[in-house]
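First the proteins, then the strands, lettered A, B, ... as listed; each starts at 1.
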Amino acid sequence: MKKELEKAYNPGENEDKIYQKWEKSGYFNPDNLNLPADAKSYTIVLPPPNITAKLHIGHSCMLAIEDLLIRYHRMAGYRTLWLPGTDHAAIATQMAVEKKIFTETGKTRHDLGREKLLEEIWNFLYSTQAAILHQTRKMGSSLDWSREAFTLDKERQRAVNRMFIDMYREGVIYRGERIVNWCPHCHSTLADDEVEYKEQHGKLYTFKYSPEFPMAISTTRPETKLGDTAVAVNPKDKRYQKYIGQEYQVNFCGQPLNIKIIADRKVESDFGTGALGVTPAHSMVDWQMAEANNLSIVKVINEDGLIHQGFGKYSGLTAEAARQLIIEELKKQGLMEKEEDLVNNLSICYRCDTPIEPLPSKQWFVSVDKKLARLGGQSLKEKALEAAQTREITFIPERFNKRYQNWMENLHDWCISRQIWFGHEIPVWYRGEEIYCGETAPTGDGWIKDDNTLDTWFSSGMWTFSTLGWPDNYQNGVKTGDLKKFHPTQVLETGYDILTLWVSRMIMMSFFALDEVPFSQVYLHGTILDEKGKKMSKSKGNGVDPLDAITEYGADALRLSLLMGSTPGNDTRYSTEKIEAKRNFINKLWNIARFILNSTEEKYFSTPADQVPAAQTLFDQWILGEMNNLIKSVTVRLENFEFSLAAEELDEFTWNKLADWYLEVAKVEKNKEEILIYLLKNLLILWHPFIPFVTEAIWESFNDSLLMITAWPQATDNLEDRKMEVDLVKNIIIAIRNARSEHKIEPAKKLTAVIYGHKLTKVLNDQAEIIKNLRTGIESLEIKESGEDVEKAIIVPVGEITIYLIGLIDEVKEKERLLKEQANLEKLIDRQIQKLNNSDFVSRAPEKIVTAEKEKLNNYQQELAKITNIITSL
RNA sequence: GGGCUCGUAGCUCAGUUGGUUAGAGCGCUACGUUGACAUCGUAGAGGUCACAGAUUCAAGUUCUGUCGGGCCCACCA
């Protein structure tokens with residue numbers, strides 16, 4: 001069984017083999033774990049990466065955190081499912097492919113036609129999907145591939161159709177007219193977050209519609225004023241209050257307008273003239289005002305960006321041309337009062353940079369405010385808010401709860417239809433004014449299918465249950481199969497940047513479909529910035545392919561570098577130095593294992609990991625106690641999502657306690673095989689969720705079983721704590737080594753040490769061999785309870801103990817050093833006395849702290865006395 | 001305009017309910033190393049915890065304000 005470990009750990013040689021071994025074992029699938037029937041389940045659905053591009057380092061962070069949670073819970077005995085998938089990312093994908101085709105062939109989607117374009121998209125999709133899955137495996141992700149899903153595969157299409165139909169029948173989904181962001185070039189609506197802003201220098205024109213109109217208005221777009229149906233003023237504005245409610249018939253540049261004066265608090269009195277021309281058809285805010293005031297809506301600009309019919313000489317002109325014409329006209333009539341330069345943000349299409357035209361258009365919406373019988377008369381918004389308020393869903397970090405609620409409260413109906421070709425088709429047919437909504441086309445002639453598709457978040461919002469067999473696994477309000485076993489899921493882990501876009505939608509969709517939360521905890525990780533602290537983006541080209549890092553340092557090193565030194569919700573910088581440091585650590589762990597295994601006979605390999613072996617010596621007791629504390633602490637930290645702190649404690653134990661001390665002790669004291677194997681096994685178990693490859697590689701070199709499904713250890717309560725004694729011995733050893741190096745004593749030169757201590761003489765006697773042999777270079781060692789000073793010795797005080805190193809001494813240097821020490825102590829004593837003289841402190845601080853402070857003073861004083869004594873004797 | 005967040009060593013960042021002389025990694029300096037490990041070891045230098053005030057016996061930690069980074073949302077007539 002025993003496999004010789006290489007001198008240095010080589011991730012490249014091990015990782016792929018180990019991943020295959022895991023995958024073959026079948027244990028990524030919870031159905032194959034041998035669990036009692038009542039085992040609790042633990043589920044995370046992987047936030048499906050967009051198939052627009054390969055994974056970047058941010059995805060690695062996500063995978064590292066989720067795999068950590070999953071592996072920990074799997075080892076802790078949960079029915080653990082991590083469900084993989086990818087997202088079709090409708091608009092983003094279509095745009096990416098269109099762009100690719102355009103740069104390669106110069107063709108647009110209209111040249112290709114719907115079918116050909118979709119074919120191209122699917123080809124593209126298969127290639128990136130394959131790349132993404134490869135990258136995901138390379139990270140060591142223990143995903144259940146047998147349940148892999150895609151937001152646009154057959155099952156999800158059925159689920160989406162069903163959801164749409166259910167929502168339509170309940171009146172949650174409705175068709176309505178609303179202002180949308182329209183790109184006249186792409187001929188499509190854009191979601192609010194697909195609109196970009198560009199600062200531009202424009203002109204703000206101030207003018208009256210006609211000579212008899214009582215006030216002037218200001219606008220940057222005079223041509224849209226052809227569609228004005230009102231002028232809004234602030235209700236508190238004294239100048240205009242008297243006009244509110246009045247109506248005017250005006251002749252605006254040859255076109256008749258009917259203008260009502262309305263009041264709205266959103267109007268700022270000190271912008272322009274304080275009077276705002278309301279154009280309901282071409283401005284979001286104006287639309288809202290029109291709804292509130294029952295204004296009529298006049299469309300001025302059409303889908304091509306041209307002026308509609310019915311506006312006389314302006315009809316058919318581009319908006320830009322119409323604007324110039326109107327400006328000229330206004331000037332001719334002497335109505336133009338002012339032209340000012342103005343810097344404002346122009347909305348442009350994120351794809352083609354064309355200025356956005358806000359247009360009214362028939363779209364499909366999800367109502368967030370409709371009260372639903374199936375939700376006990378509450379609306380989706382109320383349900384989704386309540387879940388956060390009652391902490392049925394908690395956020396990590398907590399502050400995102402507030403942000404979520406804030407956003408939720410201001411949520412408007414969600415426009416779900418998109419004028420693109422790639423995506424879920426809307427299951428609706430039209431015949432004249434008739435609308436049919438169903439899974440298949442209605443019978444009869446003349447029905448035309450809605451040619452829009454659904455917002456990508458509609459399908460990804462269903463991700464927690466569409467992947468678990470909904471709707472088949474949900475009949476008459478009863479969950480069956482996977483849905484019953486795994487929903488609601490436990491944790492949603494994702495980037496805080498899609499808290500609003502995605503998380504909130506998942507919560508609403510789950511309430512609608514199942515009347516339950518989709519998950520109970522939301523862990524939000526930060527963004528990985530580049531080495532300069534800038535956001536990574538495709539256009540800047542500063543992204544990092546995880547595969548490069550994995551090839552150079554190994555997946556474990558990359559994972560650990562992303563897990564350590566970071567906190568939830570905060571951004572971190574990508575750092576190759578950090579990965580390198582973790583690579584070094586992993587090699588250290590490897591060598592610790594190599595040392596232990598090489599110095600242990602094979603018969604000890606079966607030492608159980610879940611049974612504390614008997615301790616022979618002080619150091620045995622100490623390290624076993626430390627391991628016990630480590631198990632306790634790491635478990636708690638993982639439960640609390642404190643990954644970084646858990647890893648730091650593991651690191652501290654591995655390197656500073658085990659490698660630096662216990663292994664050194666083990667070279668002096670013998671018969672430690674059982675303890676060493678016990679420590680190694682537990683260490684590998686505890687590290688496994690963080691760095692699965694190297695731990696499994698070590699494990700398989702001396703075990704037949706799989707580390708991946710080895711039980712998580714339990715801490716015990718009855719281990720003695722020997723930290724004090726061990727610290728004393730360590731301090732003595734360190735002090736002697738330091739004295740040696742300060743006095744420049746050759747390593748070969750042997751010293752005799754005499755140690756005086758009053759209380760701990762027995763402990764020190766027992767540890768004499770260790771003190772002698774742990775690179776202190778001491779030839780003989782005497783330990784006495786008390787006694788006379790030893791002349792011509794190097795004097796090393798360590799707490800209550802004084803060590804005399806008899807051998808070489810440089811009196812001048814020694815005196816110098818001691819004087820420095822003396823001054824330092826005096827300063828500390830002063831401060832301590834001051835503190836203890838403060839009557840408030842003594843009377844009001846907890847007693848534990850006061851006594852600790854007193855003891856501290858005592859120690860300082862004793863040490864000072866000793867040093868002073870020594871100085872005078874020199 | 002509304003909200004959030006960050007400011008701790010040269011750099012990158014930890015620091016849970018306030019409580020010993022504030023930590024780590026990298027970097028730096030010096031020394032060392034053929035037997036687990038140079039992907040290493042030992043030691044050292046380096047901090048007014050952005051600034052000001054408040055609460056407290058006690059503040060990196062709580063509160064208020066200021067300055068300086070970053071982010072989100074809304075608006076931009």
Side-chain angles (χ1 to χ4, degrees), chain A residues 5 7-9 192 197 199 202 204-206 217-221 224-225 231-232 266-268 271-279 283-286 342-347 397 399-400 402-403 406-407 410 496-497 499-500 526-527 529 531 533 535 553 557 561 564-567 569-575 577-578 580-599 636-637 640 642 644-645 648 651-652 659-660 663 667 734 737-738 740-742 744 747 775 824 827-828 831-832 835 838-846 848-850 852-853 855-856:
Chain A
L5 299 182
K7 197 168 174 191
Y9 174 60
D192 289 347
Y197 297 94
E199 202 167 80
L204 182 69
Y205 304 96
T206 301
I217 56 158
S218 300
T219 182
T220 52
R221 299 196 60 189
T224 62
K225 300 292 106 183
V231 165
K266 283 197 280 287
V267 179
E268 287 175 37
F271 187 92
T273 60
L276 161 68
V278 180
T279 321
S283 151
M284 301 272 182
V285 218
D286 294 9
L342 179 80
V343 179
N344 67 349
N345 280 330
L346 180 68
S347 328
R399 69 182 131 96
F400 284 100
K402 201 172 163 188
R403 197 194 276 196
N406 222 320
W407 189 82
N410 295 316
Y496 65 80
D497 48 331
L499 172 71
T500 49
T527 310
L529 308 171
E531 304 219 32
K535 240 184 178 160
Y553 303 104
S561 80
M564 289 182 80
S566 63
T567 42
N570 289 332
D571 297 348
T572 29
R573 283 188 202 200
Y574 178 77
S575 154
E577 280 175 2
K578 198 165 159 190
E580 202 179 321
K582 301 310 164 197
R583 189 267 321 264
N584 295 353
F585 168 77
I586 284 159
N587 192 60
K588 182 78 181 180
L589 180 64
W590 178 264
N591 275 291
I592 288 169
R594 196 157 78 97
F595 171 72
I596 292 177
L597 295 174
N598 284 345
S599 53
V636 170
R637 296 224 182 270
N640 293 335
E642 294 170 325
S644 182
L645 290 172
E648 258 170 55
D651 184 297
E652 161 87 11
D660 291 350
L663 293 189
K667 288 175 188 169
I734 290 169
R737 284 183 194 163
N738 286 353
R740 215 173 223 294
S741 88
E742 268 175 52
K744 298 214 185 314
R775 292 188 293 115
N824 188 31
K827 231 167 67 189
L828 287 173
R831 192 157 62 192
Q832 219 42 34
K835 200 166 190 177
N838 184 337
S839 58
D840 281 334
F841 172 72
V842 177
S843 62
R844 302 178 72 160
K848 214 170 79 186
I849 285 161
V850 177
E853 295 292 332
E855 198 171 313
K856 210 161 71 186

Between the protein and nucleotides 55-63 of chain B, list the N/O to N/O atom pairs that are separated by less than 3.5 angstrom.
from	atom 1	to	atom 2	distance (Å)
B:rC57	OP1	A:R844	NE	2.7
B:rC57	OP1	A:R844	NH1	2.2
B:rC57	OP1	A:R844	NH2	2.3
B:rC57	O2'	A:N838	ND2	3.3

Among all residues two or more places apart in sequence or in another chain, which pass the side-chain contact (heavy atoms from CB on, under 4.5 Å) test with A:I849? A:F841, A:P846, A:E853
Round to the nearest Å and state the distance from A:D571 atom CG to B:rG70 atom P. 12 Å
Please list, chain by chain and in numerical order, all residues satisfying side-chain hydrogen bond (donor to acceptor under 3.5 Å, both in side chains) with A:R637, sequence neighbours excluded. A:E642, A:E649
d(CG, A:N570; C1', B:rC4) in whole Å: 11 Å
Just to be sure I understand the rule, does A:R221 reach a base, reach only the sugar-phosphate, or reach nothing, if contact means heavy atoms closer than 4.0 Å? nothing
Per the atom types in the model, does the base of B:rC26 pair as donor or acceptor with the side chain of A:K578 at under 3.5 Å? no
Select base, sugar-phosphate, or nothing to describe what A:T567 touches, counting heavy atoms under 4.0 Å on all strands. sugar-phosphate
Residues forming a side-chain hydrogen bond (donor to acceptor under 3.5 Å, both in side chains) with A:N584, sequence neighbours excluded: none
A:R737 CZ to B:rG41 C1': how many Å, rounded? 10 Å
What is the nucleic acid contact for A:G277, judged by heavy atoms within less than 4.0 Å: base, sugar-phosphate only, or nothing? nothing
Here the distance between atom P of B:rA36 and atom CG of A:D660, to the nearest Å, is 14 Å
Describe the nucleic acid contact of A:D497 in one word from base, sugar-phosphate, nothing, applying a heavy-atom distance below 4.0 Å. nothing
A:R831: what forms a side-chain contact (heavy atoms from CB on, under 4.5 Å) with it, not counting sequence neighbours? A:L828
Answer with base, sugar-phosphate or nothing: what part of the nucleic acid does A:A275 contact at a heavy-atom distance below 4.0 Å? nothing
What residues, two or more places apart in sequence or in another chain, satisfy side-chain contact (heavy atoms from CB on, under 4.5 Å) together with A:K667? A:F595, A:E664
Could you check whether A:L204 gets within reach of a base, just the sugar-phosphate, or nothing at all, counting any heavy atom under 4.0 Å? sugar-phosphate
Remember a base hit wins even if backbone is also touched, and classify A:K582 as base, sugar-phosphate or nothing at under 4.0 Å, heavy atoms. nothing
Just how far, in rounded Å, is P of B:rU17 from CZ of A:R637? 11 Å
Between CG on residue A:D660 and NZ on residue A:K588, distance to nearest 0.5 Å: 6.0 Å
Sugar-phosphate only, base, or nothing, as touched by A:R583 at under 4.0 Å among non-hydrogen atoms: base
Scan A:T220 against the nucleic acid and name what it touches under 4.0 Å (heavy atoms): base, sugar-phosphate only, or nothing. sugar-phosphate
